[in-house]
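See structure below.
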Amino acid sequence: MNVKTLRQDLPAGLVVFLVALPLCLGIAQASGLPPFVGLLTGVIGGLVVTSFSPSRFAVSGPAAGLVTIVVASIASLESFSAFLLALVLAGVIQVVLGLLRAGRFIALVPGSVIKGMLAAIGILLIMQQIPVALGASGESELRALFSGEFNFSSSAIMVAAVGLLILWVWTTPLVKKVKALSWIPGPLIAVLFGGLATVFGERLQPEFITNLPRISLPKFDSLGALVAELERPDWEAWRNPSVYVVAVTLALVASLETLLSQQALNKLRPQNPAPSPNREMVAQGIGNTLAGFLGALPITAVIVRSSVNVSVGAQSKISILLHGVLLLICGLWFSELLNVIPLASLAAVLLYTGYKLATPRLFVDQIRMGAQQFVPFITTIVGIIAFGMLAGIGLGIATQILYSVYKSHRNAMHLTRYDDHYVLRLQQNLTFMHNPRLQKLLDKIPENSVVIVDHDNVHYLDPDVKAVLKDFGEKAPRRGIRLNQWPVAVK
């Protein structure tokens, strides 16, 4: 580390902190937990995970993609403390997977399933945050909007709408051309507007904030007060089988999101040698184990914050560590300042995040790629929304495997006719699963024909396949069929 590195890392750390702050608060709020939990998660990710991570640029913390899993898991386990036990176990599973070098298996997950998972997360995030943007102060389902019992808040709607407008404007070329503005994160401006609306709205029109729910961070007068705020895992919940299902789900999805973020980050800023995915899983596992002990949210490497870290010129881990320190300071001594932020502002940030995950352009691109990509993609989305994350991913992978097997069978062999000559081309090694199609093609060959077999690319034939070919070869002379280059000896 030298002076030049510090000159680049310090401003980068400040910018990453400004991006992470509203996201940490919003993700905790969206999970139905106190905003302080989000800050605590950001601190653990920024300080602990970074210390063990092999990547110099990956920023870890609470992820919007896990919000729906957290909400569903807490509901199924009926307590946050039981969920924390599952998180501890998930961290242990990640450490074990890393030590077993399971990171390499990320390449086995089809791209269509990964994109479907991200799109489903985006859709669920939007469904969850729409009521908050319209004035809900706590957990409220989308169906409540149509029941006639929902209390709309014009103040919340206005704050959320302006916040979304700001986030959109920040992506336009007009803002990107201004270098000074491009350094300021759009989510920070959206949240800053919400805070100003609260402060000046209270002074100019007191009823403006009456129906404008805001975040609520506790004020800590001592270290003891801080420790008292932390929730502990419910160790008695180990008897609940659902705890282990949640633990496996968290471990797999958090690892998947982390490794995908690492792959994307390597394209933005290559590191030589590339960070080990196995060491990264161990680092994330340590972070999630500690998060479970201290009462925080699940942690993953997050591509949004990581890409910001790279784009503003970070050179080392100093920028990430600084962002963690600033989150800690903010939570300890600036809670009153953060309490002016409306929930609608955080909802706007999360709605925009959900839209980017499930943009209509993604669906159009998948449709254009054909049924082999689109069907597993949409199956994953429907499966996750209907049955949960793990089941949805499983359905998506199963659908992709079925399509791949089908295409493999269709392209494994071809029968071509040239007058009374038939050419049977075997394109790949054949197993017993190819027998139905092979038999169907052989049945098309009429009597008094010449059959030529092109099997130069075949190195293995299943015994069942050989049996089908041998049976055809033995009957061929009686039908007047002459065989040429037959792959199986016929006596």
Side-chain angles (χ1 to χ4, degrees), residues 101-117 256 263 363-383 392-491:
R101 299 183 179 181
R104 63 185 183 275
F105 294 116
I106 184 65
L108 294 177
V109 182
S112 58
V113 174
I114 293 170
K115 292 174 182 176
M117 180 192 76
L256 183 63
Q263 285 185 340
F363 288 80
V364 173
D365 290 343
Q366 292 299 302
I367 292 173
R368 288 176 177 173
M369 293 176 72
Q372 189 172 357
Q373 288 292 313
F374 180 71
V375 173
F377 168 78
I378 203 70
T379 300
T380 303
I381 294 175
V382 174
I393 292 174
L395 285 172
I397 293 176
T399 305
Q400 184 68 73
I401 290 174
L402 290 175
Y403 254 94
S404 298
V405 169
Y406 171 75
K407 286 294 184 181
S408 175
H409 275 60
R410 294 292 297 177
N411 297 322
M413 58 196 85
H414 296 279
L415 182 66
T416 308
R417 178 183 178 183
Y418 300 93
D419 295 328
D420 63 340
H421 285 61
Y422 287 81
V423 179
L424 179 63
R425 291 185 174 87
L426 306 182
Q427 309 279 25
Q428 64 188 49
N429 298 338
L430 302 182
T431 69
F432 70 95
M433 297 180 68
H434 293 93
N435 274 354
R437 177 160 174 77
L438 175 61
Q439 189 67 61
K440 182 179 180 181
L441 293 178
L442 292 175
D443 290 342
K444 291 181 179 180
I445 300 174
E447 296 180 351
N448 302 314
S449 303
V450 177
V451 181
I452 302 171
V453 180
D454 178 6
H455 55 90
D456 293 342
N457 295 325
V458 176
H459 302 288
Y460 172 77
L461 290 176
D462 193 277
D464 289 323
V465 175
K466 289 182 178 180
V468 172
L469 292 171
K470 187 174 181 178
D471 180 65
F472 180 86
E474 290 174 344
K475 296 177 181 177
R478 295 196 296 271
R479 299 176 59 196
I481 297 175
R482 185 156 51 92
L483 306 177
N484 191 353
Q485 298 181 21
W486 200 248
V488 178
V490 179
K491 295 181 180 180

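The minimum heavy-atom distance between A371 and P376, with the atom names listed, is O-CD, 3.6 Å. G473 and L483 make their closest contact through CA-CD1, 3.6 Å (heavy atoms, listed as atom of the first residue, atom of the second, distance). Pairing each heavy atom of V465 with each of L461, the nearest pair is CG1-CD2, 4.1 Å. Residues D420 and N448 share a closest heavy-atom pair of CB-O, 4.4 Å.
T416 is listed as a side-chain neighbour of Y418, based on a closest heavy-atom distance under 4.5 Å. For the pair V382/L395, no side-chain contact is recorded, criterion being any heavy-atom separation below 4.5 Å from C-beta on. Contact of the F363 side chain with the I381 side chain is registered, since non-hydrogen atoms from C-beta on lie closer than 4.5 Å. Here the side chains of I367 and F377 are not in contact, with every heavy-atom distance at 4.5 Å or above. Counting only heavy atoms from C-beta outward, the side chains of I481 and V451 approach each other to under 4.5 Å.
Annotation: the span from Q373 atom CD to D365 atom CG amounts to 11.0 Å, rounded to 0.5 Å. Note that CD of E447 is 11.0 Å distant from CZ of R478, once rounded to the nearest 0.5 Å. From H434, atom NE2 reaches atom CE of M413 across 5.5 Å, with rounding to the nearest 0.5 Å. The CZ atom of R425 sits 9.5 Å away from atom CD1 of I452, with the distance rounded to the nearest 0.5 Å. Here the CG-CD distance, from D454 to Q427, works out to 7.5 Å after rounding to the nearest 0.5 Å. Interatomic distance, D462 CG to L430 CG, rounded to the nearest 0.5 Å: 9.0 Å.
Side-chain atoms of R417 come within 3.5 Å of backbone N or O of D419 as a donor-acceptor pair.
Counting non-hydrogen atoms of other residues, nucleotides and ligands closer than 6.0 Å to CZ of R479 gives a total above 12. Heavy-atom contacts from other residues, nucleotides or ligands closer than 6.0 Å to CZ of R437 number more than 12.
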Quick one, L424 with L442, criterion side chain to side chain contact (heavy atoms under 4.5 Å, CB included). Give me CA distance, side-chain angles, the key distance, then yes/no. CA-CA 9 Å; L424 179 63; L442 292 175; 4.2 Å; yes

